[in-house]
Amino acid sequence: MMSPTATATAVFLSAAPSSFSTRRRRSRLAAISASLSPSSSSEEPLLVRAARGEDSLPRPPAWMMRQAGRYMAEYQALAKRHPSFRERSENTDLIVEITLQPWRAFAPDGVILFSDILTPLPAIGVPFDISDSKGPVIQSPVRSEEQVRQLVPIDLDKLHFVGESLRILRNEIDGKAALLGFVGAPWTIATYVVEGGMTNTYTNIKSMCHTAPNVLRGLLSHLAQAISDYIIYQVNSGAQCIQIFDSWGGQLPPHVWEQWSKPYIKQIVSRIKKECPHVPLVLYINGNGGLLERMKDTGVDVIGLDWTVDMADGRRRLGNGIGVQGNVDPAFLFSPLPVLTDEIHRVVKSAGPKSHILNLGHGVLQKTPEEAVAHFFDVTRSLRYDTLFQGSVAGELQAVA
């Protein structure tokens, strides 16, 4: 039987992309690899060091949310052979292959596990399906005290493919980039569990805040415990940095987020900081312009900004005591490449020469040109803080009151 790594390599070699050709990929990767070397035991990947707020880094590290996936011709070819998303995200060989596709093509500074925030749900007793037309579907939404009592502690054996994939990926990347894991925040996971899938209104879960608050608190507490266990499992399997996605937290008024999302994120962060103090945590909320100051005291190391927040304003509001991530509008990847270059420079200058991870303000869009993704990372690798900030004094910013 072939090893998972060998199988993943075989899958990669059998899937020649229709654009951004294999020859160009391999020549680019060879050139990039020549400038990269495995981090020594005393020097961790650039992304981890930036997330921890280290001084005197040469440039910002960069990765992209959804950097593995449907915009890549390689992924599209693989998806035709494996049309089930659940299979692609729950099979070790396929997870490894899909995760490595953008690493081989673009050599980002962060390599994030190909998975889904709902992946751990069956392990706590919430089965789900994914419909091509409806997305995630939960046949029995959790809305009663009895249903909450029926939830079980997370069974990590049912998530063995996540641990196996992370261990293989850590070896494959070999210190040349940071390996990222991720989870959904309790509120965001609860929206799916309560609503039964995707929603535009969130009426069931929002009404539960008032009609069944004890049920909702029980659900969120159970999820916070399970997600904490899941993060620790990812870290023990090789993840070097964890991003928490509170994707739908931005759908709440700030004072409601403060009551129904933030305490459970803080519970997770507090436990991880005790048990895995070396692992940086990133918090991303889509539509977080009204939440930045409230996000800061969750205890995370880095706050991701979406593209609707001006980076200079975000840095001013947060100060230099915490890291920032982002926040190029994904639509800039459809612009002429010189325009994309200018926007990258603008964002990096606005973030300042410390504690910044360059990323998009949201995930890579479908049909994004692969050449633009390659350009994004090429430009980032060419940046040097000492040149960008030459002749300027980057004063310590204090968060606004």
Side-chain angles (χ1 to χ4, degrees), residues 63-67 69 112 116-118 135-136 182-195 197-209 216 220 223 227 242-266 268-269 281-318 322-334 343 346-347 350-351 356-366 368 399-400:
W63 69 283
M64 289 182 179
M65 290 181 279
R66 294 184 183 168
Q67 70 185 13
I112 188 165
D116 191 87
I117 60 172
L118 301 186
F182 71 93
V183 296
W187 172 266
T188 288
I189 300 298
T191 63
Y192 293 96
V193 173
V194 171
E195 299 289 344
M198 296 290 293
T199 177
N200 293 320
T201 60
Y202 307 90
T203 51
N204 288 301
I205 190 168
K206 285 185 175 183
S207 66
M208 282 181 71
C209 296
L216 186 54
L220 292 169
L223 290 172
I227 291 165
I242 299 290
Q243 177 150 314
I244 302 169
F245 286 90
D246 195 6
S247 305
W248 308 130
Q251 297 295 319
L252 293 171
H255 71 285
V256 179
W257 182 83
E258 187 90 26
Q259 180 180 1
W260 287 102
S261 184
K262 182 177 178 177
Y264 303 97
I265 294 173
K266 290 184 72 171
I268 292 169
V269 172
L281 299 174
V282 183
L283 175 59
Y284 174 82
I285 300 176
N286 189 30
N288 62 5
L291 298 171
L292 291 186
E293 292 83 359
R294 297 171 191 259
M295 294 169 68
K296 185 176 179 181
D297 68 353
T298 56
V300 297
D301 303 279
V302 180
I303 291 176
L305 306 182
D306 76 10
W307 77 93
T308 65
V309 178
D310 181 81
M311 177 57 79
D313 182 54
R315 177 58 94 182
R316 179 184 64 84
R317 290 167 61 187
L318 293 169
I322 192 167
V324 291
Q325 179 174 274
N327 69 336
V328 174
D329 183 345
F332 268 96
L333 294 168
F334 293 86
E343 179 62 7
R346 185 194 69 80
V347 168
S350 297
H356 176 219
I357 300 170
L358 184 64
N359 204 315
L360 303 180
H362 197 265
V364 183
L365 300 172
Q366 269 190 301
T368 294
V400 294

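Computation of the quantities below employed the complete heavy-atom set of this structure, encompassing side-chain atoms and omitting hydrogens, waters and symmetry-equivalent molecules.
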Margin query: Strictly distance-based, threshold 3.5 Å: is any side-chain N or O of Tyr192 a donor or acceptor partner for the main-chain N or O of Thr199?
Written below: no
Margin query: Salt bridge or not between Asp310 and Arg346? Use side-chain N to carboxylate O under 4.0 Å.
Written below: yes
Check: Does the side chain of Asp306 reach to within under 4.5 Å of the side chain of Tyr284, using non-hydrogen atoms?
Finding: yes
Note to self: Counting C-beta onward and ignoring hydrogens, is there a side-chain heavy-atom pair between Val300 and Met295 closer than 4.5 Å?
What the structure shows: no
Check: Given side chains that start at C-beta, do those of Ile244 and Thr298 come closer than 4.5 Å, heavy atoms only?
Finding: no
Next item on the list: Any chance you could lay out the side chain to side chain contact (heavy atoms under 4.5 Å, CB included) test for Arg315 and Leu305, step after step, and finish with the verdict?
Entry: CA-CA 10 Å; Arg315 177 58 94 182; Leu305 306 182; over 6 Å; no
Next item on the list: Not counting sequence neighbours, which residues clear side chain to side chain donor-acceptor pair (under 3.5 Å) with Tyr264? List them please.
Entry: none
Check: Nearest heavy-atom pair of Ile227 and Pro186: which atoms, and what distance?
Finding: CD1-N, 3.8 Å
Checklist line | Non-neighbouring partners of Phe332 that pass ring-ring contact (aromatic ring centres under 6.0 Å, His included), sequence neighbours left out | finding: none
Note to self: Students often mix this up, so state it plainly: with edges at 30° and 60°, are the rings of Phe245 and Phe182 parallel, tilted or perpendicular?
What the structure shows: perpendicular
Next item on the list: Please state whether the rings of Trp248 and Tyr202 are parallel, tilted or perpendicular, taking 30° and 60° as the class boundaries.
Entry: tilted
Checklist line | Student check: side-chain heavy atoms of Gln325 and Trp63 closer than 4.5 Å | finding: yes
Note to self: I'd like to know if the side chain of Asn359 reaches the main chain of Met65, judged simply by a donor and an acceptor atom lying under 3.5 Å from each other, with no hydrogens or angles considered.
What the structure shows: yes
Notebook entry, point to check: Taking atom types as modelled and ignoring hydrogens, do the side chains of Gln251 and Trp187 form a donor-acceptor contact shorter than 3.5 angstrom?
Noted result: no
Checklist line | Spacing of CG belonging to Leu220 relative to CD1 belonging to Ile205, to within rounding of 0.5 Å | finding: 6.5 Å
Notebook entry, point to check: Are the side chains of Thr368 and Met64 in touch, meaning some heavy atoms are under 4.5 Å apart?
Noted result: no
Notebook entry, point to check: Under the 3.5 angstrom rule, does the side chain of His356 hit a backbone N or O of Gly326 as a donor-acceptor pair?
Noted result: yes
Next item on the list: Go through the steps for Lys266 and Val269 under the test side chain to side chain contact (heavy atoms under 4.5 Å, CB included), then give the verdict.
Entry: CA-CA 5 Å; Lys266 290 184 72 171; Val269 172; 5.6 Å; no
Margin query: Can you pull out every salt bridge (charged side-chain N to carboxylate O under 4.0 Å, His left out) where at least one residue sits in residues 244-260? Sequence neighbours excluded, please.
Written below: Glu258-Lys262, Glu258-Arg294
Note to self: Is there a side-chain contact between Thr201 and Glu195 in this structure, where contact means two heavy atoms from C-beta onward sitting under 4.5 Å apart?
What the structure shows: no
Check: Is the number of heavy atoms from other residues, nucleotides or ligands under 6.0 Å of Asn200 CG greater than 12?
Finding: no
